[in-house]
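Note sheet for the following structure.
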Number of protein chains: 2
Amino acid sequence: MRKDAVHNRERLLRAARELFADRGLDVPLEEIARSAGVSIGTLYNRFPTRDALVEAVFADRVAAVAELAEQALAADNAWEGFVAFLTGVCELQATDLGYNDLAARTAGLDADRGYSLMQEIFGRAQRAGDLRADVTLADMAFVVWGVAATIRATCKTAPGAWRRHLALSLDGLRAIAAGPLPAPPMSTAQTRAAMQKC
Amino acid sequence: MRKDAVHNRERLLRAARELFADRGLDVPLEEIARSAGVSIGTLYNRFPTRDALVEAVFADRVAAVAELAEQALAADNAWEGFVAFLTGVCELQATDLGYNDLAARTAGLDADRGYSLMQEIFGRAQRAGDLRADVTLADMAFVVWGVAATIRATCKTAPGAWRRHLALSLDGLRAIAAGPLPAPPMSTAQTRAAMQKC
DNA sequence: TCTCAACTTGAGGGGGATCTCAACTTATGG
DNA sequence: CCATAAGTTGAGATCCCCCTCAAGTTGAGA
């Protein structure tokens with residue numbers, strides 16, 4: 001790849017990162033190109049589809065989540081690790097509207113290594129008796145979707161509000177709080193399908 | 001108003017109600033007109049803006065929510081009334097994607113009479129000691145936003161899943177479950193602003 | 001320095017939605 | 001039955017976004 005091409009690629013990634021973070025994933029591609037100081041044609045040369053650009057921009061997040069997961073597992077207290085992990089993921093979403101859009105449709109479910117780590121965090125909190133026994137990993141999607149919606153609604157006007165929402169959700173996940181659940185957990189296929197619809 | 005105009009208005013409302021329910025509020029207006037068997041021009045004659053059409057279609061929901069609220073207040077048990085009310089609102093959202101889009105931005109906060117009824121349901125459950133003391137009416141927005149997001153994601157693939165989400169959220173609202181909350185409740189102004197951003 | 005593949009450019013075609021308006025049709029009261 | 005105000009129509013203007021490609025430009029190796 002030629003030097004100028006590399007340079008333009010980087011400028012595009014920087015511009016996309018910033019615009020995605022501010023306004024979500026559906027920023028016009030022309031605007032990204034303009035903001036990067038290149039033409040729309042160049043953007044299409046480097047990233048043939050919007051998804052390719054999105055993937056390149058957020059590639060590092062997979063690792064960030066895995067990092068969070070490892071820290072969570074390193075915690076002494078299983079429940080505190082669980083809380084820290086979910087808080088970390090939501091923080092990522094809160095500081096980047098683009099990732100907020102994205103997390104709702106991936107939610108760690110694709111990330112090979114990330115998924116098994118999440119299972120471990122989840123299972124450990126459950127075995128410790130703090131996380132209620134009648135929930136599944138699939139139920140975490142409710143937390144992510146819910147907090148994501150709150151972040152979208154409030155990030156400009158009440159920046160910390162999602163923490164309150166998350167805290168309420170977590171209280172509902174504690175064994176202490178467990179009441180009967182009216183529906184079976186979603187199957188993996190249902191969860192996957194639902195995520196793609198975001 | 002001429003007889004045929006009344007007739008067309010009704011056909012438009014029926015078509016819009018159905019399409020909104022199936023696919024949400026952003027159905028193309030041309031499609032609504034076509035489905036009603038009139039031209040796009042007629043639609044604009046009867047409803048100068050999309051909002052006017054939406055408002056006309058969902059006018060009855062305000063009353064439906066008030067009705068739910070009254071039933072909730074009639075319940076013997078304050079907490080059960082509270083649960084029944086939120087369940088009812090979510091059911092309305094689940095059976096109508098259009099109302100689902102809408103509820104997130106109105107959530108009863110406009111409805112003069114509905115609002116005071118909600119306050120009463122909420123306060124009663126709190127005074128009874130079942131609803132945790134550290135939440136505000138504004139926190140109900142989290143439930144509505146969250147469940148609405150789950151409904152949107154799952155309505156086609158896991159139709160009952162939102163009930164599970166709602167149950168978990170409600171468990172988090174019970175006094176038994178109360179843990180410390182990390183942020184102050186949203187002010188009325190913040191809540192209102194956030195709703196308009198949906 | 002020369003050459004050529006790699007790269008950039010931006011006008012323009014295409015699609016889809018919103019909204020308008022001049023020409024046409026029809027209900028209704030007299 | 002007529003006059004006319006009320007209503008309908010749909011082509012097309014406008015806007016916004018996506019994507020392509022022929023023409024022009026530039027980096028890098030020979």
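A note on names: the letters A, B, ... follow the listed sequences, proteins ahead of strands, and every chain is numbered from 1.
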Nearest atoms (heavy-atom pairs only) where A/F58 meets A/D96: CE2-OD2, 3.5 Å
Nearest-nucleotide 5' precedence on DNA chain C, B/D26 against B/G41: B/D26
Sugar-phosphate only, base, or nothing, as touched by B/I40 at under 4.0 Å among non-hydrogen atoms: base
Pairwise side-chain contact, A/E70 with A/L73, heavy-atom cut-off 4.5 Å (strictly under): no
Protein-nucleotide distance (A/L53, atom CG; D/dC19, atom C1'), rounded to Å: 15 Å
Heavy-atom pair with the smallest gap, counting every atom of A/A103 and A/V144: O-CG1, 4.2 Å
Separation of atom CG in A/L29 from atom C1' in C/dG10, rounded to whole Å: 16 Å
Closest listed nucleotide, where the reference is the side chain of B/D4 and the choices are C/dT8, C/dT28, D/dG7: D/dG7
Touch class at under 4.0 angstrom, heavy-atom based, for A/R46 against every strand present: sugar-phosphate
A/F47 CZ to D/dC19 P, straight-line distance once rounded to whole Å: 15 Å
For atom CD of B/E31 and atom C1' of C/dT18, their distance in whole Å: 14 Å
Paired nucleotide for D/dA28 [Watson-Crick or G-U wobble; both distances under 3.5 Å]: C/dT3
Sugar-phosphate only, base, or nothing, as touched by B/N45 at under 4.0 Å among non-hydrogen atoms: base
Euclidean distance, atom OH of residue A/Y44 to atom C1' of C/dG13 [Å, nearest integer]: 13 Å
N or O in side chain of B/T42 less than 4.0 angstrom from D/dT9 OP1/OP2: yes
No-H, no-angle donor-acceptor pair, B/R2 side chain to C/dT26 base, under 3.5 Å: yes
Rounded distance (Å) that lies between atom P of C/dT8 and atom NE2 of A/H7: 11 Å
Separation of D/dC17 P from A/L19 CG (nearest whole Å): 13 Å
Heavy-atom side-chain proximity of B/F82 to B/L173 below 4.5 angstrom: yes
Which residue lies more 5' along DNA chain D, comparing B/E30 with B/V6 via nearest heavy atoms: B/V6
Distance in angstrom units between B/N8 CG and C/dA27 C1', rounded: 12 Å
B/E55, CD: over 12 other non-hydrogen atoms inside 6.0 angstrom: no
